[in-house]
Each structure stands twice: as C-alpha cells, then as structure tokens.
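Down below is the structure, laid out as structure tokens.
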Amino acid sequence: MNPRTIEGPMIEISLRQFGASKIKKINGEQYYIEFSLDKDYKVAYAYNINGENEYFLQRVLPYPMHHGVFDNEKELVTFIEDDITKFRNAIKSSNFEQFVNINNKIQDVSSQMEALFLNYNVDSDSLLQLDEVFNQIIKGIHEAETKSKKIEK
C-alpha cells in the first residue's frame, strides 16, 4: 500500500477536527524548472497547475519570490522568459552577489517578523520602531532607484 493514500485522509481529518472551514482536494501538476545562468548562478522556478487550470508560480533560486497566478501557459512562459532575460543581464553586474545576499536577508527578516508576531505579544512602541526602520528601507530603495540608470530590454 502506498503511504500517500493514507496521509491525505489523515491530514484532512486532523485539520477538520482542528476547525478547518474548507478543505478542497485539488488534482494538479507540479513542476520545477532550472536555468543555469553561468557556472555559479542558477535561477529556478516551481509552479503548479490547479484544478481550474491556473498556474501558480514561485521563483525558488537565487532567492524565493512569489509571482502569483497566471491564467494560461503563454502568460507563464512569457513571464519566465522576461525574468530570465533580466537575470542574465543582472549577473553581469559586479553587485549581483550583494543583491542576492540582500534579498536573502529580506526573506530572513520576513520569517523573523512572522515568528516575532506569532510567538510574542509585541508592544506598540517596538512595532512603531520596526515600522520606522522599514519605512527608511523603503525610502532607501526609492532613492537608489532614482539615482540608478534604468536597464532597457
């Protein structure tokens, strides 16, 4: 007997007992696509096709990024092609590794913020302080964008 045939129903029962308001089994397909940009860098995506034939796409490497739902294959492929073109250009930058490191820190900060919020009763002053820090980061991103030359396709 395949252990997967037991896991699904057991998970569903457990989650219903815990109070899940909706559980929908979606028969879909999942894919992993990887591109080698050069000997050091890869860009990888994971996407799945749900029961409504929608395509849910996430970039996995060089840092995780949710890219949303696409209605058809053409939209999905066009997005990936454009993204890969941009990455092939970006790896030529002497700042590429630093850019990837910063994005990985952002992902880490997001996880830490969630852990903080879900595990601690954080006081208002601390939240205001964090909000100010993030507003400064956003302002810094906008300032860097203003000073930087736009990359043309």
Modelled atom types, side-chain donor and acceptor of Y55 and N50, under 3.5 Å: no
Heavy-atom side-chain contact between E81 and V77 under 4.5 Å: yes
Connected via hydrophobic side-chain network under 4.5 Å: I141 and F134: yes
Side chain to side chain, Q112 and D108, heavy atoms closer than 4.5 Å: yes
Centroid-centroid distance, F56 to H66, less than 6.0 Å: yes
Ring geometry between F87 and F96 (parallel below 30°, tilted from 30 to 60°, perpendicular above 60°): perpendicular
Residue from L76, T78, I80 passing side-chain contact (heavy atoms from CB on, under 4.5 Å) with F70: L76
Short side-chain to backbone donor-acceptor contact, D131 and L127, under 3.5 Å: no
Any Y45 side-chain heavy atom under 4.5 Å of I84 side chain: yes
Within-4.5 Å side-chain heavy-atom neighbours: R59 and D83: yes
Distance-only side-chain donor-acceptor flag, E97 / Y41, under 3.5 Å: yes
Heavy-atom side-chain contact between E73 and E75 under 4.5 Å: no
Which residues share a side chain to side chain donor-acceptor pair (under 3.5 Å) with Q107, sequence neighbours left out: none
Within one Ile-Leu-Val-Met-Phe-Trp-Tyr cluster: M113 and I138, side-chain cutoff 4.5 Å: no
